Amino acid sequence: MENSSDPDFFGMCHKCGEKVLGEGSGCTAMEKVYHIQCFTCHICHTELRGKPFYAMDGKPYCEEDYLNTLEKCCVCEKPILDRILRATGKPYHPNCFMCVVCGKCLDGVPFTVDATNQIHCIDDFHKKFAPRCCVCKEPIVPESGKTETVRVVALDRSFHVNCYKCEDCDLLLSSEAEGRGCFPLDDHILCRSCNAKRVQEITAP
Ligand SMILES: [Zn+2]
Ligand SMILES: [Zn+2]
Ligand SMILES: [Zn+2]
Ligand SMILES: [Zn+2]
Ligand SMILES: [Zn+2]
Ligand SMILES: [Zn+2]
């Protein structure tokens, strides 16, 4: 008798290659026929008929083993089902990819990492690591919209461009502008004329 003419013939089992006889002993999954006892998880061999399963490379996996094959987010350690955001070589859920300081999601947003690969938004990175102005004690960060920081370094100290002033008369100093150069005296930032005044006072009889 031909296989196909047997009224009980359900198909050939994709797993073991034997005939599946009777609808009750077989099942169809991924367009293939299996014995019920042959349709099992590729990893743990649990029978999967009637259970949720996932197909990978044509092989069925139970839910748990499927999730275990997925890459885990390096922040929440849960499997990543959708898009993997990869940064500094590590996988993230897009929602878990956030600034370690303010918690802002940085998916599609410029970010930077510190020496230990901690993710920072640009603002917080500058706030945390930028040099501090010795006059106002605030961090010196790029002007909004710019990427480069402009600062003045004098006497081994950093200054905001607008904080680099004569200590005596508040004249804004600049190494580039004529007549506004810095004439430091004993670690004090002074303009030329205030420097001259102080020198006079010191040397006055
Ligand atoms: Zn089989
Ligand atoms: Zn399994
Ligand atoms: Zn996550
Ligand atoms: Zn931040
Ligand atoms: Zn300042
Ligand atoms: Zn001055």
Side-chain angles (χ1 to χ4, degrees), residues 1-73 77-82 91 133-137 150-204:
M1 194 167 29
E2 276 275 71
N3 279 342
S4 50
S5 62
D6 185 334
D8 270 352
F9 182 71
F10 189 67
M12 300 300 282
C13 174
H14 182 65
K15 179 87 170 284
C16 69
E18 300 285 321
K19 275 188 250 179
V20 182
L21 293 172
E23 225 172 307
S25 59
C27 60
T28 316
M30 304 177 291
E31 292 165 6
K32 302 260 165 40
V33 169
Y34 293 86
H35 290 110
I36 286 167
Q37 69 274 17
C38 287
F39 183 57
T40 56
C41 168
H42 184 64
I43 306 269
C44 69
H45 308 295
T46 323
E47 284 185 21
L48 292 175
R49 192 185 61 147
K51 292 191 192 146
F53 71 92
Y54 297 82
M56 268 194 306
D57 303 325
K59 296 189 187 82
Y61 290 79
C62 71
E63 188 162 27
E64 194 188 327
D65 285 320
Y66 170 70
L67 294 179
N68 281 337
T69 64
L70 298 177
E71 278 201 87
K72 312 261 182 320
C73 168
E77 290 171 2
K78 297 215 171 72
I80 304 172
L81 292 161
D82 295 324
C133 170
C134 70
V135 176
C136 68
K137 313 294 183 221
V150 183
R151 64 173 167 146
V152 178
V153 179
L155 304 179
D156 280 335
R157 288 179 252 159
S158 297
F159 300 80
H160 287 112
V161 172
N162 290 328
C163 292
Y164 188 53
K165 291 177 186 169
C166 169
E167 289 177 27
D168 285 358
C169 72
D170 273 354
L171 177 76
L172 195 62
L173 301 175
S174 161
S175 54
E176 281 143 42
E178 186 75 19
R180 292 207 276 130
C182 177
F183 291 80
L185 183 69
D186 297 336
D187 262 13
H188 291 288
I189 304 290
L190 299 170
C191 71
R192 179 184 208 131
S193 62
C194 292
N195 172 291
K197 247 182 260 169
R198 283 206 191 193
V199 169
Q200 233 170 30
E201 280 163 22
I202 296 164
T203 54

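For ligands, and for the atoms within them, numbers begin at 1 and follow the listed sequence. These numbers were taken from a predicted model, which means no experiment stands behind them. Every heavy atom of this structure was used, including side-chain atoms; hydrogens, water molecules and symmetry mates were not.
Note that CG of L81 and CD of E71 are 12.5 Å apart. Values are rounded to the nearest 0.5 Å. Rounded to the nearest 0.5 angstrom, C166 SG and I189 CD1 are separated by 9.5 Å. The line from SG of C44 to CG of D65 is 4.5 Å long, rounded to the nearest 0.5 Å. Rounding to the nearest 0.5 angstrom, the gap separating the SG atom in C194 from the NE2 atom in H188 is 12.5 Å. Between atom NE2 of residue H42 and atom OG1 of residue T69 there is a gap of 10.5 Å, rounded to the nearest 0.5 Å.
Ring centers of Y66 and Y61: at least 6.0 Å apart, outside the cut-off.
Protein N, O or S atom count below 2.8 Å of the Zn ion (ligand 2): the structure gives 4.
Proximity of F159 to R151: side-chain heavy atoms (C-beta onward) are nowhere separated by under 4.5 Å.
Within a radius of less than 2.8 Å around the Zn ion (ligand 1), the protein N, O or S atoms are C13 SG, C16 SG, H35 ND1, C38 SG.
Residues L48 and C41 share a closest heavy-atom pair of CD1-N, 3.5 Å.
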Applying side-chain hydrogen bond (donor to acceptor under 3.5 Å, both in side chains) to S174 and R180, what does each step give before you reach the verdict? CA-CA 6 Å; S174 161; R180 292 207 276 130; 5.3 Å; no

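For the pair D186 and R198, the salt-bridge criterion is not met [side-chain N within less than 4.0 Å of a carboxylate O].
Taking the Zn ion (ligand 6) as the apex, the angle formed with SG of C191 and SG of C194 is 100°, to the nearest 10 degrees.
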